[in-house]
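Below is one structure, written out as structure tokens; comments come after it.
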Number of protein chains: 2
Amino acid sequence: MPKHAKEMDALKAHLAKHQLKYTRQRELILDAFLQQEHITAEEMYHQLAKKDPHLGLATIYRTLNLFCEAGLAQARHFGTQTQYDNISHKGHHDHLICTDCGKIVEFENCEIEKLQQEVATRNGFTISTHRLELYGLCGRCRH
Amino acid sequence: MPKHAKEMDALKAHLAKHQLKYTRQRELILDAFLQQEHITAEEMYHQLAKKDPHLGLATIYRTLNLFCEAGLAQARHFGTQTQYDNISHKGHHDHLICTDCGKIVEFENCEIEKLQQEVATRNGFTISTHRLELYGLCGRCRH
DNA sequence: ATTGAAATTGATAAATCGTCTCAAGAAGAT
DNA sequence: ATCTTCTTGAGACGATTTATCAATTTCAAT
């Protein structure tokens, strides 16, 4: 029994719905991905080089983008690179981002989420995910 | 009397402090920038091509980055591009995005902003901008 | 199990975005 | 006006991500 049966089922459902196939590479990348809070394609490429030296970087990009479409991941562009966040990792978390040093603090706030729901309802929307990023200076960089 | 005397003074102060010069290009780019809520270098390049066909893209990047250092702008990575936000522009708006039809609804919510401030303060951050996007289905696409 | 249509992969080429380089030109203090 | 320093424009460059395409794999139907 795999550790992440729920996410694997979600992926398989997405694949079936779109006539895509369940491949060895996708399973490999999913396993690695679900153990991370967030990761870049390049990082995953190096991690998986041990398990499968022939796994291509393009496949990793394609697969991480697939995870985004399947709702398992979310892409976040920071600096010159793209971070792929693992949505299932902890419930949902938002980010405080220091524009000077790049420091990232994660947080959760139920009240904000509640207000988001209200806004959505008022506009006839049904929310499935959201993204909230606060940009500014961290304590250290303000000086 | 220019419309944005305050911002122009702030820029001149920054230039003087760092032994930089006030050039025709910087003035041109500042004027264009202050009329926007946010803009990419590429967009500005096309806008300003009419006024100065020889203005280089590199100069626009350099100047927008200068504005960031001077505290007039803030860079935000959005999709594959960098958005330069006009800090002096008040009306910040957030987005409701339909994942099916792509419809975008803008909204503002003071309560959410207040809670964001609280979270930031609690973590020692000073916020200058933020980004909030709610993803889901709009009323029409839910059926 | 075999077949065959359709999707996927790996390798690399290509595109994209932003920064760097450098000679020529402009700003501003004297 | 002169001289030093900074800035500019043009294109080269580097980093990251996507597109291309022949070979391979998946999977549903035999």
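The chains referred to below are lettered A, B, ... by the order of the sequence lines, with proteins before strands, and numbering in each begins at 1. Everything numeric in this text was worked out from a predicted model, so none of it was measured.
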Any Asp94(B) side-chain heavy atom under 4.5 Å of Leu134(B) side chain: no
Salt bridge (charged side-chain N to carboxylate O under 4.0 Å, His left out) against Glu43(A), all qualifying residues, sequence neighbours excluded: none
Val119(A) backbone acceptor or donor facing Asn123(A) side chain under 3.5 Å: yes
Axis deviation across the helix from dA1(C)-dT30(D) to dT30(C)-dA1(D), five-pair ends, to the nearest 10°: 40°
Arg26(B) (side chain) donor-acceptor with Lys21(B) (main chain) under 3.5 angstrom: yes
Ser128(B) side, atom OG; Ile87(B) side, atom CD1 - distance, nearest 0.5 Å: 5.0 Å
Which donor-acceptor pairs under 3.5 Å do the side chains of residues 57-65 of chain A make with protein atoms, sequence neighbours left out?
| from | atom 1 | to | atom 2 | distance (Å) |
| --- | --- | --- | --- | --- |
| Thr59(A) | OG1 | Arg62(A) | NH2 | 3.2 |
| Thr63(A) | OG1 | Thr59(A) | O | 2.7 |
| Asn65(A) | OD1 | Tyr84(A) | OH | 3.0 |
| Asn65(A) | ND2 | Tyr61(A) | O | 3.3 |

Within residues 39-55 of chain B, residues whose heavy atoms come under 4.0 Å of DNA chain D: His54(B), Leu55(B)
Could you pull out the protein-nucleic contacts involving nucleotides 24-28 of chain C (nitrogen or oxygen on both sides, under 3.5 Å)?
| from | atom 1 | to | atom 2 | distance (Å) |
| --- | --- | --- | --- | --- |
| dA27(C) | N3 | Lys21(B) | NZ | 3.1 |
| dG28(C) | OP1 | Tyr22(B) | N | 3.2 |

Closest approach of Ile29(B) to Phe67(B) (non-hydrogen atoms, all atoms of both residues): CG2-CE1, 3.9 Å
Partner set under ring-ring contact (aromatic ring centres under 6.0 Å, His included) for His54(B), not counting sequence neighbours: none
OP1 or OP2 of dC17(C) under 4.0 Å from side-chain N/O of Thr80(A): no
Which residue lies more 5' along DNA chain C, comparing His18(A) with Gly56(A) via nearest heavy atoms: His18(A)
Partners passing ring-ring contact (aromatic ring centres under 6.0 Å, His included) against His14(B) (at least two apart in sequence or in another chain): His18(B)
Whole angstrom value for the distance that separates P of dT9(C) from CG of Leu66(A): 9 Å
Pairs flagged by salt bridge (Lys or Arg N to Asp or Glu O under 4.0 Å) wherever residues 71-82 of chain B is involved - sequence neighbours left out: Arg76(B)-Asp85(B)
Closest-nucleotide 5' rank along DNA chain D - winner of Gln81(A) and Arg26(B): Arg26(B)
Neighbours of DNA chain D within residues 57-64 of chain A, by heavy-atom distance under 4.0 Å: Ala58(A), Tyr61(A), Arg62(A)
Salt bridge (Lys or Arg N to Asp or Glu O under 4.0 Å): pairs with one or both residues in residues 5-15 of chain B, sequence neighbours excluded: none
Flag side-chain contact, heavy atom, 4.5 Å: Leu30(A) against Glu27(A): no
Heavy-atom donor-acceptor pair, Arg131(A) side chain to Ala75(A) backbone, under 3.5 Å: yes
Separation of dA7(C) P from Leu15(A) CG (nearest whole Å): 13 Å
Residues that Phe125(A) engages under ring-ring contact (aromatic ring centres under 6.0 Å, His included), provided they are two or more places apart: none
Heavy-atom side-chain contact between Glu111(A) and Glu111(B) under 4.5 Å: no
Nucleotide range of DNA chain D lying under 4.0 Å from chain A heavy atoms: dT16(D) to dC27(D)
